[in-house]
There are 2 protein chains.
Amino acid sequence: MAVTIKDVAKKANVAPSTVSRVIADSPRISTDTKKRVRKAMKELGYHPNVNARNLAVRSSKAIGVIMPSSAETALQNPFFPEVLRGVGTVAHETEYSLYVSTGGNDQQLYEEVKRMVYGHRVDGIILLYSRMNDAIMDFLVEEKFPFVVVGKPYENESSITYVDNDNVSASKDVTNHLIDFGHTAIAFIGGTTDLVVTKDRELGYEQALKDAGIPYNEDYIIHDEFSRSSGKKAVEQLLTLNHPPTAMVLTDDMMSLGVINMLEEFGLECPDDISITSFNNLYLSEITRPPLTTVDIQIYKLGIQGAKCLIEQLQSKDEPAKRVIVPYAIKHRSSTKRLHSND
Amino acid sequence: MAVTIKDVAKKANVAPSTVSRVIADSPRISTDTKKRVRKAMKELGYHPNVNARNLAVRSSKAIGVIMPSSAETALQNPFFPEVLRGVGTVAHETEYSLYVSTGGNDQQLYEEVKRMVYGHRVDGIILLYSRMNDAIMDFLVEEKFPFVVVGKPYENESSITYVDNDNVSASKDVTNHLIDFGHTAIAFIGGTTDLVVTKDRELGYEQALKDAGIPYNEDYIIHDEFSRSSGKKAVEQLLTLNHPPTAMVLTDDMMSLGVINMLEEFGLECPDDISITSFNNLYLSEITRPPLTTVDIQIYKLGIQGAKCLIEQLQSKDEPAKRVIVPYAIKHRSSTKRLHSND
DNA sequence: TCTTTAAATATAAACGCTTACATTTTAATG
DNA sequence: CATTAAAATGTAAGCGTTTATATTTAAAGA
């Protein structure tokens with residue numbers, strides 16, 4: 001077997017507890033013995049066994065990252081890798097490990113979270129999505145297990161720590177941008193309605209219309225998954241309307257890609273025939289034709305902040321529930337155009 | 001504290017060992033007591049503590065997934081999430097957990113791997129890249145730690161289990177496709193040269209040229225990271241040549257995106273002015289304009305197979321080194337065009 | 001020099017599980 | 001009905017740490 005604390009102890013002529021204490025760099029050990037023990041560790045090639053340690057201290061120094069269940073489409077959206085990168089950065093700094101979910105469907109995911117929690121696999125969890133009546137979130141609050149959500153909780157908002165953008169305001173801003181450009185027939189294409197983020201962005205869209213005195217048109221509202229195929233479907237639906245929109249507020253860059261593609265099939269050009277605003281500012285959004293006017297929600301920062309909050313929560317037991325709002329910024333590119341100014 | 005095996009034992013009036021055996025569904029326990037114990041577990045809400053279990057059995061039922069160090073650019077390429085999805089699928093089926101690397105630079109990553117290995121955090125490792133003189137891979141063989149690589153090892157090829165495509169052949173095929181279309185001025189833009197995959201694809205490209213009797217032109221070969229910005233740089237370099245190429249073999253869809261974008265800035269259209277073949281068949285590749293003719297390397301399957309191989313290796317100690325070649329398929333779309341047939 | 005106190009280290013009991021081995025119970029055999 | 005074998009369960013020793021408590025050693029005070 002591998003070399004243990006006892007081997008080191010023997011070699012350095014001390015008790016195992018002493019070795020343990022020099023690992024923890026306890027001030028109760030004289031610098032002399034510390035040196036001696038460290039030498040022995042080096043010579044033997046000692047490395048602590050985390051399982052044993054975790055068992056003794058009842059923690060795992062690991063955090064679980066839960067992505068939406070529909071792994072099929074979820075992981076395909078660069079949003080997730082990008083938050084993950086943020087989370088990973090602070091995890092690395094603080095020497096936490098990252099456990100990621102693998103569940104394919106809702107049920108599997110739920111089982112997996114239970115395994116993480118009950119099995120003491122992780123000390124805390126980061127939820128990378130937020131939807132209504134989510135069994136997993138309910139479970140976590142029920143169990144009083146430390147977690148933070150990236151996005152806004154659909155309930156218990158004040159008692160759950162979360163990091164989010166001000167999506168209402170962001171959505172209002174882009175809609176206003178479209179209105180400023182003279183558009184009044186503005187469609188909204190968002191993700192599934194059970195996602196809190198969709199709700200918020202729709203709300204912002206509505207507020208902007210209302211403020212501008214533009215009547216709300218139900219036909220202009222479409223909800224679907226975040227994916228390219230759904231984007232296509234959405235376009236089809238809108239373009240066959242009597243009064244097709246001249247602009248659209250989309251809530252995801254990937255979706256926008258699909259929409260623009262579909263538009264072309266219908267013989268329409270963006271932004272000449274239709275203006276588009278988007279969300280996320282994925283690295284793709286500046287590479288598409290046209291480059292997208294999109295809301296930079298600072299995905300990486302969302303990840304950073306989420307992880308930070310969680311770890312704070314883990315370090316001091318009764319850290320209060322926090323809310324951190326990551327600022328957004330609209331990237332004005334070329335997917336929107338002033339109405340009636342066909343040059 | 002949480003409910004332990006002893007609590008269950010007491011409640012069910014059996015010895016802890018019996019409970020343990022029930023958990024393992026050992027045939028040595030009568031169905032009667034099994035039932036009784038299971039009932040007790042349910043009533044008490046028992047869940048095994050993995051740390052304790054791992055310590056006892058000296059394993060962790062977890063596999064480590066190592067992505068390239070430059071997390072900045074790496075995770076941005078949907079290739080990685082997609083393999084991860086494959087890996088996750090089989091991990092889930094076999095009840096393994098997934099540990100992912102978080103290291104930002106080479107050194108950090110190396111440290112992390114050591115922590116995984118020495119700390120008994122994972123039972124095996126999947127390397128999601130393969131480059132020359134990789135300290136991590138060397139470390140793993142040195143330690144005789146179970147691992148598989150997705151990609152082809154740069155050395156010890158016969159003693160390391162890996163899953164890969166036949167990249168030489170694939171690259172040859174796409175190059176030939178270009179040649180068939182009448183192109184002779186064909187450039188190659190690949191990732192950094194220390195990546196084995198780049199080597200292979202370049203080799204295929206060269207072979208195709210040679211077979212067709214087309215002289216090798218060093219100016220046509222460009223190496224860089226897999227990213228969009230590097231793609232742009234590459235284009236610039238090629239177009240300012242005396243005899244700029246009429247076609248290019250690119251080794252990554254993301255790069256292709258950048259290239260096409262850049263081409264436009266130079267006033268060139270793909271495929272009218274220049275033909276492009278690509279690799280990976282990311283979901284984007286059919287959404288771009290033009291949709292890319294690209295090699296479908298079946299990323300998801302690479303992940304599936306990689307995980308399968310690793311787990312086989314973990315289950316039976318002396319599983320022989322394997323090589324599994326995932327078949328590729330060229331997706332013919334609209335980014336290539338017959339030379340001189342300007343319609 | 002003898003206490004008293006502080007500093008340094010050792011002892012041993014957890015942590016929650018698995019498993020080799022021992023023991024008891026049950027069934028089978030002559 | 002005793003004997004033996006097989007089946008079912010129990011006992012206890014790990015797995016490699018941490019940590020409360022005890023012990024030893026060294027320094028300080030009287």
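Numbers restart at 1 for each chain; the letters A, B, ... are given by sequence-line order, proteins then strands.
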Sugar-phosphate, base or nothing in reach of A:R28, heavy atoms under 4.0 Å: base
Nearest-Å distance for atom pair CG/C1', residues B:D7 and C:dG16: 10 Å
Test side chain to side chain contact (heavy atoms under 4.5 Å, CB included) applied to B:N133 and B:E155, step by step: CA-CA 9 Å; B:N133 308 315; B:E155 64 182 15; 5.5 Å; no
For atom NZ of A:K6 and atom C1' of D:dG16, their distance in whole Å: 7 Å
Of the listed nucleotides C:dG16, D:dT19, C:dT18, the one nearest the side chain of A:L55: C:dG16
Separation of atom CD1 in A:I5 from atom P in C:dC15, rounded to whole Å: 18 Å
Gap between atoms CG and C1', on B:N49 and C:dG16 respectively (whole Å): 6 Å
Phosphate OP1/OP2 of D:dC15: any A:T4 side-chain N/O under 4.0 Å: no
Touch class at under 4.0 angstrom, heavy-atom based, for A:N13 against every strand present: sugar-phosphate
Under 4.0 angstrom between B:Y46 side-chain N/O and C:dC17 OP1 or OP2: yes
Distance test, side-chain N/O of B:T18 to OP1/OP2 of D:dG10, below 4.0 Å: yes
OP1 or OP2 of C:dC17 under 4.0 Å from side-chain N/O of B:S17: no
Residue whose closest nucleotide on DNA chain D lies nearer the 5' end, B:A15 versus B:V57: B:A15
Intermediate values then yes/no, side chain to side chain contact (heavy atoms under 4.5 Å, CB included), B:V113 and B:V117: CA-CA 6 Å; B:V113 170; B:V117 172; 4.2 Å; yes
Whole-Å distance separating the CD1 atom of A:I29 from the P atom of C:dA8: 8 Å
Whole angstrom value for the distance that separates C1' of C:dA7 from CG of A:D32: 14 Å
Whole-Å distance separating the OH atom of A:Y118 from the C1' atom of C:dG16: 18 Å
Closest heavy-atom pair and its distance - B:L98, B:G88: CD2-CA, 3.7 Å
No-H, no-angle donor-acceptor pair, B:R21 side chain to D:dG10 base, under 3.5 Å: yes
Value in whole Å for how far the C1' atom of D:dA8 lies from CG of B:D25: 15 Å
Ring centers of B:F147, B:F139 separated by less than 6.0 Å: no
Step-by-step side chain to side chain contact (heavy atoms under 4.5 Å, CB included) determination, A:R115 to B:E95: CA-CA 10 Å; A:R115 266 183 27 208; B:E95 301 210 281; 3.5 Å; yes
Closest nucleotide among C:dT9, C:dC17, D:dT9 to the B:T33 side chain: D:dT9
Sugar-phosphate, base or nothing in reach of B:V50, heavy atoms under 4.0 Å: nothing
